[in-house]
Amino acid sequence: MTTQPSLPDLSPAQALPDAAEAVAEHALHRDTVHGSSSLTPTQDPEPENIPRVGAGFIATYMFAYFGLNLVMLMPALFSLAYKVQLIDPAGKDTSLGLVIGLGGIIGLVLGPIAGVLSDGTRLAWGRRRPWIIGGLLLATAGALVVAVVPTVPLMIVGWSICQLAVAVISAGFNPVLAERVPSAQRGKVGALGGVAASFAGVGASLIGSFLTGNIMLLFMLPPLVFAVGVLLFIFVIRDKPAPAGTPRLAVSDVFKSFWFNPREHADFALVFLGKFLLQFGFSFFSTFSFYFLLDRLGFTPEQAGQSLAAAGGISLLAMMGFAVFGGFLSDRLKRRKPFIYLASTLIAAGLITVSIAPDITLFIVGGVLLSAGTGAFTSVDLAMATDVLPEPEKAGKYMSIYYLSSGIPGALAPIIAPVIIAVGGGGNYPALFITGAILAVGTAVTTWRIRGVR
């Protein structure tokens, strides 16, 4: 499907500015594990002093964001699963879980560090460029390792390098929206970036399905595409060193700042737990849907990739429609919980439908339900999290904590999933997806217990 390893937030800026603003804010804080710098205050120009950006900037931003997401998603949704089943067909579930999960832990640990170091970079050729270029070089090296190695342990090494690369790139790329785009345009640019990421998600499986005969190109194409985006980025988007007075946070302080007392701030803890549970089920599907098509429906890898891409295009429409409509209606009704209940129900129904699918048609129906639920969830989850912030004056800290609710299960779910798949002799993907559905229902339960939001 089009879905990313973490629950996305997508909506067209032109349709509903309020929903688009939510996308922009999400882009500013999302994926702390990949280098969000929201923990460290910066001293960039006030929004009203940032000049408006033109079509060249927006096109460059979208293309670079497309390339970055292709680097992340093509291996995560197709390439890694394809190669693992070639070199370890008997143990592919466990091997894929270890490759993706252990690599994800690298990003989880190093992402915040990269974000903090990026904020304090004072090189003459820029504050963010060195991280983007350095990350590109790492991504290329990691992809090369994954492409040529003959064993799963070495694939883990290669994918860990790739995840380190994503953390480094994101440390330089994520702050661009806040630092170079005025507030009046952030909704539009952020939403268009989300659209570019969605096309990368759809294209990942489709492109991969046509490159199965060339393993080297299968893994090297994403960093090559991103390299073109980086080249454009260097020439089109200006950069400068960090201001001399920019405070530098110690690495130990970064991790200390992720702590809060869940007993004292129960509502925020419940919001965190709700997204954590939903992301677990979501990761079960996004990681193992390729193997489901191979083992349960008897597809070839090429057929599976093309079917995932086709289903992803349909699902994208459902996701965006529910995201836009849900965000608009939630603000009008001043209600958040009903949309989480709806999202939980749709995602659970989608996972159950996929688990019993005897053919591609019902698989697509399940995927559409899952994507519609994802859209409904992302239309209000950021708003609900901000509604229950324990200390609004420390929004950066708590939003960074909040996005760990998707980063942690993104790393752990692939490692745990093979244990469930092995129940009953192996290949038990229905049990995996039903487990994901139960976790999605758990999100409705945690939401019901929240007192500070209606």
Side-chain angles (χ1 to χ4, degrees), residues 1-16 19-20 22-24 26-27 30-31 61-63 65-74 76-78 187-210 222 225 278-279 281-283 285-287 289-290 292-293 304-328 339 342-343 346-347 349-351 353-354 357 360-382 406 440:
M1 296 300 162
T2 67
T3 50
Q4 301 182 31
S6 59
L7 294 169
D9 225 345
L10 306 171
S11 54
Q14 297 87 341
L16 292 171
V23 175
H26 189 81
R30 66 185 288 185
D31 296 338
Y61 181 86
M62 288 181 66
F63 187 83
Y65 204 46
F66 171 86
L68 173 56
N69 277 272
L70 202 63
V71 167
M72 293 189 289
L73 297 180
M74 193 161 155
L77 298 180
F78 184 86
K188 176 180 179 180
V189 177
L192 290 174
V195 171
S198 299
F199 278 110
V202 174
S205 297
L206 182 61
I207 295 169
S209 70
F210 289 108
V225 172
L278 207 64
Q279 184 63 45
F282 186 88
S283 296
F285 177 80
S286 64
T287 304
S289 56
F290 178 77
F292 178 87
L293 293 179
Q306 291 162 23
S307 296
L308 286 172
I314 300 171
S315 298
L316 178 60
L317 297 176
M319 181 189 297
M320 294 181 67
F322 272 77
V324 172
F325 183 72
F328 174 77
F339 297 91
L342 174 63
L346 288 171
I347 290 174
L351 287 167
T353 301
V354 169
I360 189 62
T361 300
L362 200 58
F363 179 88
I364 292 175
V365 171
V368 170
L369 289 171
L370 180 63
S371 294
T374 300
F377 182 82
T378 56
S379 71
V380 297
D381 81 305
L382 179 63
S406 60

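Everything numeric in this text was worked out from a predicted model, so none of it was measured.
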- Query: Taking only residues two or more places apart in sequence, or in another chain, which ones meet A372 in a side-chain contact (heavy atoms from CB on, under 4.5 Å)?
  - Reply: A318, F322, L346

- Item | Side chain S209, main chain L206, donor-acceptor under 3.5 Å | yes

- Message: I want to check something: taking the side chain as every heavy atom from C-beta on, are L293 and L308 in contact at a cut-off of under 4.5 Å?
- Response: yes

- Message: If I compare all heavy atoms of F282 with all of T374, which pair ends up nearest, and what's the gap?
- Response: CE1-OG1, 3.6 Å

- Message: Please verify the inter-ring angle class for F290 with F78; under 30° counts as parallel, over 60° as perpendicular, anything in between as tilted.
- Response: perpendicular

- Note on the structure: Those residues at least two apart in sequence (or on a different chain) that pass side-chain contact (heavy atoms from CB on, under 4.5 Å) with F66 are L70, A196, F199, A200, V225

- Note on the structure: All heavy atoms of L77 vs all of G201, minimum pair found to be CD1-O, 4.1 Å

- Query: What residues, two or more places apart in sequence or in another chain, satisfy side-chain contact (heavy atoms from CB on, under 4.5 Å) together with L362?
  - Reply: T353, I356, A357, P358, D359, V365

- Query: Which atom pair, heavy atoms only, marks the closest approach of L73 to A197?
  - Reply: CD1-O, 4.2 Å

- Work out which heavy atom in G373 is nearest to a heavy atom in A343; give both atom names and the distance. O-CB, 3.2 Å

- Message: So, using side-chain contact (heavy atoms from CB on, under 4.5 Å) as the criterion, who are the partners of A349 when residues are at least two apart?
- Response: L369

- Query: So, for S205 and A309, which heavy atoms are closest and what is the spacing to 0.1 Å?
  - Reply: CB-N, 4.2 Å

- Message: Checking F363 against I360 for the side chain to side chain contact (heavy atoms under 4.5 Å, CB included) test, could you report, in this order, the C-alpha distance in whole Å, the side-chain angles of both residues, the deciding distance, and whether it holds?
- Response: CA-CA 5 Å; F363 179 88; I360 189 62; 3.8 Å; yes

- Heavy-atom nearest pair, A440 first then I347, reads CB-CG2, 4.0 Å

